[in-house]
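Below: one structure, written as structure tokens.
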Amino acid sequence: MNGALGQNVDISRLEEDAEFLKVREWRYTVQRTLLSSPVGKSLRTDVLDMPALDALFTTIEAYPDFAYIKLSKMHKVLRHVELLAEDKVPRDAEFHFRARAKALLDRWHHRVPEAAVEHDERSNVDK
């Protein structure tokens, strides 16, 4: 498979890569916390988990290896977070998860071709 940044990536080897597994677990945490709710029901997020999610976002914002971000598909989860309505993100006024997701996507948009297209589409909607 042609992986991040033009490198060939063997998917089976990723399961043995501790760094990839760590970043993938971050993605799972963001996804479970902000995007996993039954259809028609409110998000089952404990608002006490938000400081922990804030710390995780800070870690992601400082993370230097974009290849693992792309391979873990973190950018796709953050795109969905950015698009959530304000009332769907607990304590967003305090922690700014949606704005932080957008800032990360803006920073990464030139590094992920599909993110660049979606970034351009989002920018055109705002105009």
Would a distance-only check, ignoring hydrogens and angles, find a side-chain to backbone donor-acceptor pair under 3.5 Å from R98 to D92? no
Pairwise side-chain contact, V30 with I60, heavy-atom cut-off 4.5 Å (strictly under): yes
List the steps and the verdict of side chain to side chain contact (heavy atoms under 4.5 Å, CB included) for F97 and L53. CA-CA 9 Å; F97 296 119; L53 188 63; 3.8 Å; yes
Can you find a heavy atom in the side chain of T33 that is under 4.5 Å from one in the side chain of L56? no
State whether the side chain of R91 and the backbone N or O of P51 hold a donor-acceptor pair below 3.5 Å, judged by distance alone. no
Between E19 and K22, is the closest basic N to carboxylate O distance under 4.0 Å? yes
Under a 4.5 Å side-chain heavy-atom rule over Ile, Leu, Val, Met, Phe, Trp and Tyr, are L35 and V89 clustered together? yes
Can R13 and E16 be said to form a salt bridge (charged side-chain N to carboxylate O under 4.0 Å, His left out), step by step? CA-CA 5 Å; R13 289 186 158 220; E16 301 168 4; 5.6 Å; no
Considering all heavy atoms of both residues, which atom of H75 and which atom of I69 are nearest to each other, and what is their separation? ND1-O, 3.9 Å
Pairwise distance CZ(R24) to CD(E15) - rounded to 0.5 angstrom: 4.5 Å
Kindly write out the residues that satisfy side chain to side chain donor-acceptor pair (under 3.5 Å) with T59, not counting sequence neighbours, or none if the list is empty. none
Measure from the side-chain N and O atoms of R27 to the backbone N and O of K76, and report whether any donor-acceptor pair falls under 3.5 Å. no
Nearest-0.5 Å distance, CG of residue L83 to NZ of residue K102: 10.5 Å
Testing the basics here: between L78 and A101, what is the closest heavy-atom pair and its distance to 0.1 Å? O-CB, 3.6 Å
Kindly work out whether a path of hydrophobic side-chain contacts (I/L/V/M/F/W/Y, heavy atoms less than 4.5 Å apart) joins Y68 to L21. yes
So do D54 and R100 actually touch side chain to side chain, heavy atoms under 4.5 Å? yes
Sorted by chain and residue number, the ring-ring contact (aromatic ring centres under 6.0 Å, His included) partners of F20 (sequence neighbours excluded) come out as none
Can you check whether D106's main-chain N or O pairs, donor with acceptor, with H109's side chain at less than 3.5 Å? yes
Non-neighbouring partners of Y63 that pass ring-ring contact (aromatic ring centres under 6.0 Å, His included), sequence neighbours left out: W26
